[in-house]
Amino acid sequence: MPTRRELANAIRALSMDAVQRANSGHPGAPMGLADIAEVLWRHHLKHNPGNPLWPNRDRFVLSNGHASMLLYSLLYLTGYPLTIEDIKSFRQVGSRTPGHPEYESGVGGVETTTGPLGQGLANAVGMALAEKVLAAQFNRPGLPVVDHHTYVFAGDGDLMEGISHEACSFAGTMRLGKLIVFYDDNGISIDGKVQGWFRDDTPKRFEAYGWHVIPNVDGHDPDAVEAALVAAQRETERPSLICCKTIIGWGAPNKQGTAKTHGEALGADEVAAARKQLGWSYEPFVVPEDILKAWNGKEQGAKYEASWREVFTRYQQEHPALAQELQRRWSGELPANWKEIAAQAVAEAAKQTAPQATRQSSQAALNAIHPSLPEFLGGSADLTPSNNTTTKLSKVVTPEDASGNYVHYGVREFGMTAIMNGIALHGGFIPYGGTFLVFSDYARNAVRLACLMHIRSILVYTHDSIGLGEDGPTHQPIEHLASLRAMPNMMLWRPCDAVETAVAWVAAIERRDGPTALALTRQNVPQQPRTDAQKANIRRGGYVLIDSAGAPEAIVIATGSEVGIAAEAVNALNSRGRRIRLVSMPSTEAFDAQDAAYRDAVLPPSVTKRLAVEAAATQTWWKYVGMQGRVLGLDRFGLSGKGAELFPHFGFTADNVAKAIDQL
């Protein structure tokens with residue numbers, strides 16, 4: 001039987017070989033973490049390489065994603081469907097082993113995309129929160145069908161990033177006792193020894209968060225790591241941080257312990273020297289059969305899953321309805337009567353006749369949908385009464401009672417969004433969270449990763465324009481709509497009234513291949529009259545709201561609160577004999593996804609006199625209005641003052657819209 005060190009050396013050899021072959025990558029962290037990984041993956045991680053998507057598996061997150069060859073080595077060695085050819089193709093175009101781990105829905109093995117430091121750790125907090133809430137909602141005495149840990153490897157860089165404070169403070173508050181983080185304390189980052197820029201007393205920092213901290217563990221002593229891990233598993237009331245002292249690039253005799261091993265290939269000479277130092281006499285990418293056999297986790301994984309399935313079978317017998325509901329939620333499928341629920345929510349919205357802020361319309365839509373969608377896990381970054389994100393059924397998740405469905409994230413926009421990503425990745429929930437649109441900047445990189453991973457999360461962004469008023473330019477979004485629309489795989493909706501808001505919520509819930517952002521007003525907006533056909537076309541992202549008598553002379557395109565202003569102008573001009581069409585375009589992404597025939601029917605190419613109206617940056621709109629068109633927008637910061645006064649101050653009035661049309 002190979003020794004534990006020999007088993008760990010298989011990780012080191014594969015990692016340095018793959019990086020050397022690619023002449024690109026990060027060999028140091030995989031070599032430094034190999035001994036810890038051997039302890040966790042061979043003796044404690046409950047997973048099944050033969051069924052990577054087993055819902056009650058432990059989650060493993062490599063937050064320091066630059067150490068990707070550590071994860072790829074582990075997946076190959078333990079028997080996941082990752083081949084040695086995949087390892088050899090590290091960092092190549094089209095490879096299944098990209099430079100940083102990338103989540104693939106329906107594949108398994110890589111639980112989340114990591115690399116932007118700190119976010120994997122925050123995702124793991126979301127996974128641990130999802131486990132705790134789902135367990136509280138579904139477990140019954142003697143039948144723990146939701147019962148697993150979330151393990152994280154994190155480095156100095158993860159803990160330097162501000163998001164680590166947001167997420168880890170929250171994790172301590174929520175007492176996420178099944179979250180265990182291994183801190184790779186090797187003292188090295190790209191610029192060298194971190195002592196020059198990172199002297200935090202990390203154990204005290206995490207103790208202040210309310211974590212269980214195990215300091216000064218020798219990361220190259222499997223027995224010490226084992227003892228620390230067992231102690232962490234016994235602590236069920238607090239998340240655990242295991243501080244492991246390691247040597248980056250362990251085994252490379254001339255470069256270990258230096259930044260030279262962090263982000264570049266070791267070089268042929270140093271790889272050869274490391275082989276000698278490690279006693280690894282095999283050719284590159286060769287792992288002997290006895291070591292592969294000792295690593296293979298399929299048999300043990302099948303036992304883990306079989307043991308759980310015995311529990312779940314009893315659960316199905318004793319609680320059949322709960323079991324069926326849990327399976328539905330794990331699958332991500334909506335209730336069987338979802339179409340009726342959605343239609344009713346839109347019908348309820350159509351009953352609203354008085355002017356109403358779309359943030360309030362959003363809450364009304366949530367109230368209509370929530371009773372039939374228990375997988376909602378809502379929240380806000382300390383703006384609940386402003387975002388209107390609670391419903392009549394909202395029950396706050398607390399450390400003592402996690403069975404609720406609403407989370408107070410605190411003033412942690414970035415942390416909230418990354419935690420929501422983890423919740424979505426875990427499964428069993430559709431997370432939504434609110435903040436002001438302007439603060440989407442704080443959360444932007446987590447929003448970007450949601451898009452990259454194609455995961456279903458819903459971002460409720462209220463106070464969407466200068467219409468929020470007196471809080472002024474620090475709180476008034478200008479460039480944010482254009483910025484979100486520029487993000488690949490983002491679906492942004494900026495509805496103009498209650499009906500469009502309800503449709504936007506339905507579309508967001510039904511979308512399974514990416515996040516959706518809802519940009520909602522603080523101020524009241526008028527309700528627009530529509531035919532049934534127009535209501536149906538809202539889902540297409542853009543549709544004719546007001547048409548002309550005969551072929552249009554000009555087309556006005558508007559979104560959100562500016563639709564009401566444009567409608568007033570268009571109706572006035574048409575009553576005087578002009579032929580102006582008004583197109584409401586709540587989602588440019590949804591509109592762009594329509595076939596050319598529909599797009600041309602809404603925006604006939606022959607009509608080149610076009611005006612777009614949106615109280616925000618103008619970049620989005622030039623492709624729709626063309627060189628002969630015009631955009632009435634705002635390419636400057638706002639002002640402090642009443643929203644009702646700021647709109648005319650910046651030219652967003654029916655008279656000014658009519659004037660712009662006349663100028664066209």
Open item on the list: For Ser640, give me all partners under side chain to side chain donor-acceptor pair (under 3.5 Å), at least two apart in sequence or on another chain.
Closed with: none

Open item on the list: So, taking the atom named CD1 in Ile430 and the one named OG in Ser457, what distance separates them when rounded to the nearest 0.5 Å?
Closed with: 10.5 Å

Could you list the donor-acceptor pairs under 3.5 angstrom formed by side chains in residues 501-510, with sequence neighbours left out?
from: Thr501; atom 1: OG1; to: Asp497; atom 2: O; distance (Å): 2.7
from: Trp505; atom 1: NE1; to: Ser362; atom 2: OG; distance (Å): 2.8
from: Glu510; atom 1: OE1; to: Arg539; atom 2: NH1; distance (Å): 3.0
from: Glu510; atom 1: OE1; to: Arg539; atom 2: NH2; distance (Å): 3.1
from: Glu510; atom 1: OE2; to: Trp338; atom 2: NE1; distance (Å): 2.7

TODO: Considering non-hydrogen atoms only, spot the tightest contact between Gly469 and Gln476 and give its length.
DONE: O-NE2, 2.8 Å

TODO: Answer yes when Arg456 and Asp513 have at least one side-chain N-carboxylate O distance shorter than 4.0 Å, and no when they do not.
DONE: no

Task: Pair listing, side chain to side chain donor-acceptor pair (under 3.5 Å) test, anchored in residues 424-435, at least two apart - done: His148-His426

Open item on the list: Do the side chains of Glu235 and Arg238 get close enough for a salt bridge, i.e. N-O under 4.0 angstrom?
Closed with: yes

Task: Pairs involving residues 127-137, ordered by first then second residue, that meet side chain to side chain donor-acceptor pair (under 3.5 Å) (sequence neighbours left out) - done: Glu131-Lys178, Gln137-Arg329

Open item on the list: Looking at every heavy atom in both Glu111 and Arg59, which two are closest together, and how far apart are they?
Closed with: CD-CG, 3.9 Å

Task: Non-hydrogen atoms of His212 and Ser240 that approach each other most closely - done: ND1-OG, 2.9 Å

Open item on the list: For Phe637, I'd like to know if atom CZ has over 12 heavy atoms of other residues, nucleotides or ligands within 6.0 Å.
Closed with: no

Open item on the list: Once side chain to side chain donor-acceptor pair (under 3.5 Å) is applied, do any residues pair with Tyr461, and if so which ones, sequence neighbours excluded?
Closed with: none

Open item on the list: When you compare the side chain of Ile557 with that of Phe591, does any pair of heavy atoms fall below 4.5 Å?
Closed with: no

- [ ] Scan for salt bridge (Lys or Arg N to Asp or Glu O under 4.0 Å) pairs involving residues 634-649, sequence neighbours excluded, and state none if there are none.
- [x] Glu470-Lys642

Task: For Ala128 against Leu179, the heavy-atom pair lying closest together - done: CB-CB, 3.9 Å

